[in-house]
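The block underneath contains the structure these notes are about, expressed in C-alpha cells.
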Protein chains: 2
Amino acid sequence: MKRNTWQRQAVRDALGERPGFVSAQELHASLRESGSPIGLATVYRALADLAVEGDADSLQSDEGEALYRACASSRHHHHLICRSCGRTEEIEADDVEEWAAATAARHGYTEARHIIDVFGLCPACSAG
Amino acid sequence: MKRNTWQRQAVRDALGERPGFVSAQELHASLRESGSPIGLATVYRALADLAVEGDADSLQSDEGEALYRACASSRHHHHLICRSCGRTEEIEADDVEEWAAATAARHGYTEARHIIDVFGLCPACSAG
DNA sequence: CCCGCTATTGATAATCGTTGTCAAAAGCCT
DNA sequence: AGGCTTTTGACAACGATTATCAATAGCGGG
Ligand SMILES: [Zn+2]
Ligand SMILES: [Zn+2]
Ligand SMILES: [Zn+2]
Ligand SMILES: [Zn+2]
C-alpha cells in the first residue's frame, strides 16, 4: 500500500503554492531553500505519482523538460500559459474536444487523444 | 553565407522519404544503414536548420525527444499522428485557430501561440 | 583550374534532465 | 516496542542533445 510521508506532502504543498508550471528541479531547489532536506529523486518520484493519480497536470516544455502543476479540476481540460512568468489558467472547450475526436475519426484514426496548450503573455507580463 | 553540402541535402532527402515524425537519432541510423557516413552532430544541426527555415515541422515526444518531419504545406497547420507507427496527416481547422486566439484574448493574454497535436492509431495500426 | 578563406563537418567530450541502485531510514501494522 | 515493507536519498548510470576544435571541403576570385 501507499505510505504517507512528509516528503510527498511537502511536494504536494509546494506544488500547490505555485501559480503555474514548474520543473522537478525548480521545485526541488525551492524546497531546499525553504529548509527542507528532501532529495531530488524523491521530488521526481512524487511528481510522477501525483501526475498518475490525477492530482497534477504535466506537459513537456519547448526544451523537452517535464513541467508540473497542481491540478484544480479533475475534469479533462487544457491550459493557457504565460510564456514569461508561467502563470496558468485552466481552460475547457467542448467544441475543440469534438473537433479533435471528429478529425481523428475522419482520417480513420482510433483511440484518439490530444495535446492542446495555448501560450501567451499574461496581463501583468503584457503590461511590463 | 550558407553553404550547400551533400550532408544537408542527404538529411533533407531522408526526411522527405519518411511518412511521419522521426528523431534525429533514428534518421542518423537510417542514413548510416544506407551507406552514408554522415555524423550524428551534423544530422542534429541540419534538422534544427530545417525547422528554423520552415522546411520541417518539429514537436516534442511524450518522452521529451525532439521529432521532425518534412513540412509539406507552408501554411500554419497541425498534425494527426499515429502513436504506433508514426504515420502523420497534416490537418487544418480555422475554427480551432480562432478559438485559441479568442480564449487567450478573453483572459487578457497577448501574443498567443498554441500547440495542438492529435494522436491516435492509424487505420493500418488499428487493424493490426 | 587552383588558391585561400571560412563555413561546415564529425569524433569526442561535456552537459543536462531523468531514472536506476541499494543500503539506511521511516511507515504501518500488531 | 518489534517486525515487515515501502520509501528515501546519495550517487552512479543513462539517453538525448550540445559544445569543442582540428581537419575538411564549399565557394568566389584570380
Ligand atoms: Zn506572465
Ligand atoms: Zn481536450
Ligand atoms: Zn500507424
Ligand atoms: Zn494552429
Side-chain angles (χ1 to χ4, degrees), chain A residues 1-15 18 20-53 55-69 81 83 86 115 117, chain B residues 1-15 18 20-53 55-69 81 83 86 115 117:
Chain A
M1 79 227 55
K2 174 125 6 146
R3 289 179 183 175
N4 251 341
T5 64
W6 64 261
Q7 286 97 331
R8 270 203 242 279
Q9 196 54 49
V11 169
R12 203 182 281 271
D13 292 346
L15 197 63
R18 295 276 184 156
F21 282 86
V22 250
S23 69
Q25 311 247 10
E26 282 172 327
L27 202 62
H28 177 244
S30 154
L31 281 160
R32 294 298 272 261
E33 277 176 25
S34 314
S36 170
I38 192 170
L40 177 58
T42 303
V43 175
Y44 272 102
R45 284 186 288 239
L47 287 174
D49 286 351
L50 288 174
V52 166
E53 293 160 19
D55 294 328
D57 297 320
S58 70
L59 62 82
Q60 301 280 336
S61 79
D62 269 1
E63 299 82 28
E65 253 185 312
L67 304 181
Y68 297 86
R69 176 170 196 274
I81 304 156
R83 209 161 33 233
I115 293 179
D117 294 302
Chain B
M1 77 224 58
K2 172 125 9 145
R3 288 179 186 177
N4 245 340
T5 65
W6 63 263
Q7 286 97 332
R8 268 204 246 280
Q9 195 55 47
V11 170
R12 201 183 281 268
D13 292 346
L15 197 64
R18 294 276 184 159
F21 282 86
V22 249
S23 69
Q25 311 248 10
E26 283 172 325
L27 203 62
H28 176 244
S30 153
L31 281 160
R32 295 298 273 259
E33 277 176 25
S34 313
S36 171
I38 193 170
L40 178 58
T42 303
V43 174
Y44 272 101
R45 283 185 289 238
L47 287 174
D49 286 352
L50 287 175
V52 166
E53 294 159 20
D55 293 329
D57 298 319
S58 71
L59 62 82
Q60 301 281 334
S61 80
D62 269 1
E63 299 82 28
E65 251 185 315
L67 303 181
Y68 297 86
R69 176 171 195 276
I81 303 156
R83 217 166 19 241
I115 292 179
D117 294 303

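This structure is a prediction, so every number in the text was calculated from the model and none was measured. Chain identifiers are assigned alphabetically (A, B, ...) following the order of the sequence lines, protein sequences preceding nucleic acid strands; residue numbering begins at 1 within each chain.
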Minimum heavy-atom distance between [X] and [Y], given as atom pair plus value:
X: A:A14; Y: A:L27; value: CB-CD1, 3.9 Å
X: A:R8; Y: A:A46; value: CG-CB, 4.4 Å
X: A:D62; Y: B:Q60; value: O-NE2, 2.7 Å

Does anything in [range] come within less than 4.0 Å of DNA chain D? Heavy atoms only, and list the residues if so.
range: residues 32-40 of chain B; result: none
range: residues 22-29 of chain B; result: B:Q25
range: residues 59-69 of chain B; result: B:E65, B:A66

Is there a side-chain contact between [X] and [Y], using heavy atoms and a 4.5 Å cut-off?
X: B:V22; Y: B:L67; result: no
X: A:L15; Y: A:Y68; result: yes
X: A:K2; Y: A:E53; result: yes

Response to the item:
Result for 5'-nearest mapping on DNA chain C, choosing between B:M1 and B:V43, is B:M1
Nearest-0.5 Å distance that lies between atom [atom1] in [X] and atom [atom2] in [Y]:
X: A:L47; Y: A:R69; atom1: CG; atom2: CZ; result: 14.0 Å
X: A:Q9; Y: A:N4; atom1: CD; atom2: CG; result: 7.0 Å
X: B:D117; Y: B:I81; atom1: CG; atom2: CD1; result: 4.5 Å
X: A:Q7; Y: A:S36; atom1: CD; atom2: OG; result: 7.5 Å

Please report the distance, rounded to the nearest Å, between [atom1] in [X] and [atom2] in [N].
X: B:D49; N: C:dT8; atom1: CG; atom2: C1'; value: 11 Å
X: B:K2; N: C:dA7; atom1: NZ; atom2: P; value: 13 Å
X: B:W6; N: C:dT9; atom1: CH2; atom2: P; value: 9 Å
X: B:R3; N: C:dA7; atom1: CZ; atom2: P; value: 6 Å

Response to the item:
Min and max contacting nt of DNA chain D in 5' to 3' order, chain B heavy atoms within under 4.0 angstrom, are D:dA16 to D:dC27
Worksheet item: Counting only N and O atoms by type, is there a donor-acceptor contact under 3.5 Å from the side chain of A:E65 to the main-chain atoms of A:S23?
Response: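 Side chain of A:E65 to backbone of A:S23: no pair is present.
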Worksheet item: Short question: side chain of B:S61, backbone of B:E63 - any donor-acceptor pair under 3.5 Å?
Response: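 Yes; at least one donor-acceptor contact below 3.5 Å.
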Practice prompt. Would you tell me if any nitrogen or oxygen in the side chain of B:T5 comes within less than 4.0 Å of OP1 or OP2 on C:dT8?
Written response: no
Worksheet item: Sequence neighbours excluded, which residues qualify as ring pair (Phe, Tyr, Trp, His ring centres under 6.0 Å) partners of B:F21?
Response: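 Listed in chain order: B:H79.
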Worksheet item: If you pin A:R8 and B:A48 to their nearest nucleotides in DNA chain D, which one's is more 5'?
Response: A:R8
N/O to N/O distances under 3.5 Å, protein versus nucleotides 21-23 of chain C:
none

Item to complete: Pick out which of B:H28, B:R32, B:E26, B:Q25 makes a side chain to side chain contact (heavy atoms under 4.5 Å, CB included) with B:V43.
Response: B:H28
